[in-house]
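One structure is given below, encoded as structure tokens.
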Amino acid sequence: MARKDRPRAGAAGAARFPGPMDTATFLRRHWQKRPLLVRGAFPAFEDPLAPGEVLALAASPDAESRIVRRDGPHWSVEHGPFARSRLARRPRRDWTVLVQDTNHFSASAAALLARFAFVPHARVDDLMVSYAVPGGTVGPHVDSYDVFLIQGRGRRRWQVSRSRDLAFVPGLDLRILARFEPEEEWVLEAGDMLYLPPEVAHYGIAETECLTWSVGFRAPSDQELAAGFLDYLGERLALAGRYADPGLAPARSPGRIPDALVAHVARTLSQVRARPGDALDFAGRFLTEPKAHVYFNLPPRPLSPARFCAAARRRGIRLDARARLLHARGRFFLNGEPVEAARGCAPWLRRLADSRTLASIAGAPAALADLAHRWYREGVLHLGEETKA
Ligand code: SIN
Ligand code: CO
């Protein structure tokens, strides 16, 4: 490929671990192993969304939100969307609202999440935010996933414990630890970041009105993978046979399942096997499946293929924040489906999957422009920002 025809990523450069530690050292020493506090990980940190914008999302039916309240020993959790009047009349203490997937609604939130692309996209879930008034907390708990907790405006005290006492407060729709003995604690201020590996108990309490941003990860459980794979196989099975018993003898115990029928079941099940390539095909579909509530907005007046292509050469293209595009071993998957990539498209798609943007599609094969136009019409991809001359 000529140099000028090489796909160029958009503005998002290679992500490195925020703070003084280099990425490889962080991954080797801390990732999935031990907590790390990084003071000033994000100097002059600016919240991607202001509290009012977080509350507006909690009122929107498009976002997933929760309110957690503590009243002495009593806890309550409610799921959104919430009436704006209710959010406006929030208590002065001990109240938290949490909104998932803020990266779907705000370009700045998506940009903050992109700072963590030193972890593969397949492992990343979302950027959640919590807005809390003093005393606000979701209680001491453990998560099954790694998390980076980035403090926005205000202050939050975090306590952590490696204790294995995982008894929960009974009768709650929240998994709050019944016993929690902090081993370490820190008060985080704007731009500070705390990394926690899975299963480390933590308890964050707002010292002041505050925003906390959580980079959440996903790691499929083996049960989910196997159950999903059995569904996948089930949808693709095409077995021709059916049980038959032309030599049937009179039933002496009619309630008994005939041995021949049990043997037939065993023989049939032994024919259900994964083929080479199924694991990759299944993994690609499974890992790119959008969350249940995700939908894409179609462009109201889509450009023709020719006009889209001209604009995409000039402005580049970017994936919609909700789109999941992953690649492995030369195959591509978008939003739960494999992508038929025509000849010459692979380097461009790989770059798009890695960076989520392409600065231009000038020099790309026509098939890439056609594919991009189709995704644009489906609301999965957009033109890049118009840059001023
Ligand atoms: C919070 O922001 O209050 C909770 C985040 C977490 O514990 O993972
Ligand atoms: Co947590």
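Sequence positions, counted from 1, serve as the residue numbers for this chain. Values below: all heavy atoms of this structure, side chains included; hydrogens, waters and symmetry mates excluded. On a predicted model such as this, the values are computed, not experimentally measured, just so you know. Just follow the structure's listing: the first ligand is 1, and inside any ligand the first atom is 1.
Checked for salt-bridge contact, E289 and R285 miss the test: no charged N lies under 4.0 Å from a carboxylate O. By the 4.0 Å N-to-carboxylate-O rule, R331 lies close enough to D281 to be salt-bridged with it. Between K291 and D125 there is a salt bridge, with a side-chain nitrogen of the basic residue lying less than 4.0 Å from a carboxylate oxygen of the acidic one. Taking 4.0 Å as the cut-off between side-chain N and carboxylate O, R157 and E185 count as a salt-bridged pair. Note on R351 versus D354: no salt bridge recorded, every NZ/NE/NH1/NH2 to OD/OE distance being 4.0 Å or above. Under the 4.0 Å criterion applied to side-chain N and carboxylate O atoms, E184 and R162 are not assigned as salt-bridge partners. Salt-bridge check for R123 with D146: passed, with a basic side-chain N closer than 4.0 Å to an acidic carboxylate O.
Of the protein's heavy atoms, V138 CG2, 3.9 Å lies nearest to atom 4 (C) of ligand 1.
Side-chain contact between F116 and I150 is present, with heavy atoms from C-beta onward closer than 4.5 Å.
Evaluated by nearest non-hydrogen atom to atom 3 (O) of ligand 1, the leading choice among G136, G216, S130 is S130.
Set against the non-hydrogen atoms of D143, the atoms of ligand 1 under 4.0 Å away are 8 (O). Per-residue contacts place R156 under 4.0 angstrom from the following atoms of ligand 1 (heavy atoms of the residue considered): 3 (O). The ligand atoms of ligand 1 that sit less than 4.0 angstrom from a heavy atom of S214 are 5 (C). Near H202, meaning under 4.0 Å from one of its heavy atoms, ligand 1 places the atoms 6 (C), 7 (O), 8 (O).
For the Co ion (ligand 2), the nearest N, O or S atom contributed by D143 is named OD2. Checked against the Co ion (ligand 2), the N, O or S atom of H141 at the shortest distance is NE2.
Not a single heavy atom of G204 sits under 4.0 Å from any atom of ligand 1.
Where the criterion is an N or O separation shorter than 3.5 Å, residue side chain and backbone included, T96 fails it with respect to ligand 1. Residue W158 places no N or O, backbone or side chain, under 3.5 Å from any N or O of ligand 1.
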